[in-house]
Structures are given as C-alpha cells and as structure tokens.
Amino acid sequence: MYKEFLDLGKHPIANAFVNEEDFEDEFFFDLKVGWDEETKLVSIKNFVEPKKIFNEDYPYNTSNSFPMIQHFKETANMLYRDYNKPQRVLEIGSNSGPFIDNFSKADSICVEPCSNFSKVTEDMGYKTYTEFWTTELAEKIIEEDGYRDLIYAANCICHIHDLDDTFRAVKKLLSPSGIFVFEDPSLLRILERGSYDQIYDEHPHIFSVTSLSNLLRSNGLQIFRVDNLSVHGGSNRIYACHVDSCLPDDSVRENLTKEKNFGISNFETYEIFAERVANSKKKLVKLLEGLKNDGKEIMCIGATAKSTTVFNYCGVGTDLIDVITDTTIDKQGKFSPGMHVPIVSREDINILDYDYVYLGAWNFKDVIANREKEFVENGGKFITHVPEVMIFS
Ligand code: JHZ
C-alpha cells in the first residue's frame, strides 16, 4: 500500500527554465511524496508525462559541471579495469556523453530521449537511439547491435516511472556475464541530511538499496556491490547481475543493515522527515526575510533542479533573492521555474555587490567556495539549507 508522507505544494517542471513571455503558460503539478509498504520504494504521487520533461529543450548538461566530467572519467576507468575491459557498452541517458566518451565508438551505444543531447553523442561517433528506455527498445537493440556486457546509467533510472519495465529491459539486453551499473541519489543520505530538494518531477522515485534489492530481484536481477558516492550530495552506485550469476560482496549487506538501522522500512522515519522539511522551510524563510529587512543583498549560485524545489516550496522569489548565476548557457537569460528569479552568467554580475550567496548547487559547495575566495575575503557569506539552514564563510 502507498502511504503519503510529504506535501510540497504546487511545483513547476524543475528544469523548465522560462522566458518572460511564457510565464502565463507554465505547467504546475502537486508535488506529494509517499512510500510503498511492500517494496519500501519512495515515489512522488503524481508522475509528470516524461515528454514534458525530456525533450529537445532539456537544459541539464552534465559537462557544464567540471567535477562531474572527472567523476565519469574515473568511473569509466574503474569499470574498464575491474570488470574485464567491457567492449559492448550501453549507456541509458547519455546526456552530453562524458561517460561514454571513455569507451570504444565501434561497440558502444547510447540511449537518450532528449534530441539536443542525442545529437551530441551521434556527432561524437556513437550510435544513439533518441528514445525512452523500454523493453521494446531493448529488443530492437538486441536485433541491431547485440547483447551488452556493461549497461550503465547515471541519474537516469530514478527518472523512469515504470521500473518493472526498465529492469525487464535491462535483463533482456544484458549478456549472461554482463553487469548493470547505475547511480542515483541515495534515499538514506537525503533522509540523513534533510535534502528534500532532491524531490522534483524528474525524480519520480528516490532509491534505497533496500527497495532496489526488492525490485531488481522480482525482475531476475540481483545486487552484488554498492558504492556510496559523495556526488550530488550522496548517491549510491549499484552493481547488478543476472540472479545467481555473481556473489554479493560485503557492501550489499552493510548497506542493507545501515538502512535497516536508520529505519528505512518504518513509516515513522518518513513522518519525522516531513516535520524536518517543514521546519527547514520556516528557518530558511525567516533567515532570508531577516537579512532582507536588514538591507542585505542576496544572490544564488546554481540554477539547479534542486533550487526549483526549494524556491517554490519556500516561496523564494525576487523579493528575497535578486539573481541566480549558472554556467549553463541555455539557462542564462531565462528565469527560474515558478518563482521567476532571473538567471545570468557569473561574469554578468559583480559578486562583491552581494552580502550573501545562497547555494542552489550546495553539492558543489567546496568548488564554489574555493573559486569565490575574494567574496569571502570581502566579508561575503554563504547560505545553505543542507544539512541545516545556516550561514557560513
Ligand atoms: P546539479 C540535475 O539536478 C538534474 P541539479 C538531474 N535530474 C539529476 O538527476 C541531477 O542533476 C543529478 C551550475 N554550476 O548538478 C551547473 C554553476 O553555475 O547540482 C548546473 O546548472 N557553477 C539530471 O540541477 C548546476 O549549477 C559551478 O561552479 O540539481 C548544478 O546542477 C558549478 C559546479 C555548477 O544538478
């Protein structure tokens, strides 16, 4: 049974950055979150039609965050070294290609429904299917390209509504000794750190190792290794194989135990989280309003999907935050979804005109703080809401 525990109110599409003339036509939906008693899966209640989100205008470009390029290079090298130099590779949700770029063009293929990005990997020389990941597509790939030794996906599987179909498709396409490796934000880290901003339309599911273990097994796959990663504020990299074709290592049991001890399988844990989220909102609004009343200037770095959740849930608009800077050219010149804060390039503003920077990309806190040393030396301070609402420099 699905039990709702959190209501974040009305939300726009987190990555649909808007032009002024489109303000009137923005799409909103009720962002509510619940937990399935049987599988222990956390999901949002109202799924948004995928084509509304993943289309030719999808702006999130992995390659715009330098630390992520490095992350994917290291991941690819590790998989190549530790898992028999896989040649027949497939990436689901390949975006601008920083992962697949490390594998042979002759045997590796991509699946990417956003045509602006599928064109990028095609141009790089990789066969790319501009389609959503389904069992029908897996059958087509078997016919045209053959089975795969490595199927990889980063920040993509949790974007897909129908997980049974997703895992069945993987099961079909995976060679007998092949591995399926995917990484997504970790539910445990979100609960521990109160990072409710990982919840938005693009994340219809938030995975625990516990729920994935249940869902994969019911589709003929099993987890044999779990890596806890620091990227995106805490993610899990899951390694799976056909059931009974590999032995789970200690990391699987350790993660399941850690989650059990935290209470991942108890509904009460989610009720406590919901209270923490409501308190976080109160504190952040109080802090921003207080600073504004004292005449302080506040800006934001990172027009993230996460900041769309925070701004809309907390009602943060231009009355509190003047401007957002972002390195993504396609976001610049537009406005944040729902709350319409203008987005510009970092070079367009003088950061020293501001007293405070709210970190929309708090997951890159160290990179940003390191780059903005002059701001701090001049008395500037940062604001974040993770793990608690706080000011730091
Ligand atoms: P970042 C996206 O979420 C969407 P977002 C998606 N659904 C997903 O699953 C997660 O990623 C994983 C900019 N930036 O990575 C670049 C600066 O401006 O936190 C990006 O627009 N200055 C696929 O949007 C944004 O911030 C910088 O110094 O929450 C970061 O977005 C750096 C480092 C980044 O993901």
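All values below come from the heavy atoms of this structure, side chains included, with hydrogens, waters and symmetry mates left out. Fair warning: this is a prediction, and the values are worked out from it, not measured in the lab. Indexing begins at 1, ligand by ligand and atom by atom, following the structure's order.
For the pair I301 and I351, the minimum side-chain heavy-atom distance is below 4.5 Å.
When non-hydrogen atoms are compared, ligand 1 lies under 4.0 Å from neither the backbone nor the side chain of F54. Counting heavy atoms closer than 4.0 Å to ligand 1, residue D326 contributes atoms from both its backbone and its side chain. Using a 4.0 Å cut-off between heavy atoms, Y58 contacts ligand 1 through its side chain alone, with no backbone atom that close. At a 4.0 Å heavy-atom cut-off, ligand 1 does not touch V367 at all. Contacts of K306 with ligand 1, taken as heavy-atom pairs under 4.0 Å, involve both backbone and side chain. Residue K331 touches ligand 1 through its side chain alone, judged by heavy-atom distances below 4.0 Å. With a heavy-atom cut-off of 4.0 Å, A305 touches ligand 1 through backbone and side chain alike.
Per-residue contacts place Y200 under 4.0 angstrom from the following atoms of ligand 1 (heavy atoms of the residue considered): 2 (C), 3 (O), 4 (C), 6 (C), 7 (N), 8 (C), 9 (O), 10 (C). The distance from ligand 1 to the heavy atoms of G302 drops below 4.0 Å at these ligand atoms: 26 (O). Ligand-side atoms of ligand 1 in range of I368: 28 (O), range being under 4.0 angstrom from any heavy atom. Atoms of ligand 1 found under 4.0 Å from any heavy atom of N155, numbered from 1 in the order shown, are 9 (O), 12 (C). Near R371, meaning under 4.0 Å from any of its heavy atoms, are these atoms of ligand 1: 27 (C), 28 (O).
The closest donor-acceptor contact from the side chain of S65 to the backbone of P67 lies at 3.5 Å or more, if one exists at all. Remark: side-chain polar atoms of T39 are paired, donor with acceptor, to backbone N or O of L41 under 3.5 angstrom. Between the side chain of N236 and the backbone N or O of I238, no donor-acceptor pair lies under 3.5 Å. In this structure, the side chain of S208 engages the main chain of S211 through a donor-acceptor pair within 3.5 Å.
When hydrogens are left out, the protein atom nearest atom 7 (N) of ligand 1 is E202 OE1, 2.3 Å; that is the closest non-hydrogen contact. Remark: minimum distance from atom 34 (C) of ligand 1 to any protein heavy atom is reached at S65 OG, 3.8 Å. For atom 22 (N) of ligand 1, the nearest non-hydrogen atom of the protein is T327 CG2, 3.8 Å. For atom 32 (C) of ligand 1, the closest non-hydrogen atom on the protein side is F364 CD1, 4.1 Å. Looking only at protein heavy atoms, the nearest one to atom 15 (O) of ligand 1 is Y60 OH, 2.9 Å.
Ring geometry for F54 versus H159: interplanar angle under 30°, hence parallel rather than tilted (30 to 60°).
Within the set T328, T304, L359, T62, the minimum heavy-atom distance to atom 30 (C) of ligand 1 is found for T304. In this comparison of E372, H203, E183, K365, the heavy atom closest to atom 9 (O) of ligand 1 sits on H203.
Note that K281 lies in the cation-pi zone of Y313, set by a 6.0 Å cut-off to the ring centre and a 45° limit from the axis. Cation-pi geometry between K10 and F29 is not satisfied (NZ or CZ under 6.0 Å from the ring centre, within 45° of the ring normal).
Separation of the F99 and H71 ring centroids does not fall under the 6.0 Å cut-off.
In summary, K296 and D355 do not engage in a salt bridge, as defined by a charged side-chain N under 4.0 Å from a carboxylate O.
Heavy atoms from other residues, nucleotides or ligands lying under 6.0 Å from CD1 of I272 number more than 12. Within 6.0 Å of atom CZ in F262, more than 12 heavy atoms from other residues, nucleotides or ligands are found, so the atom counts as buried in its surroundings.
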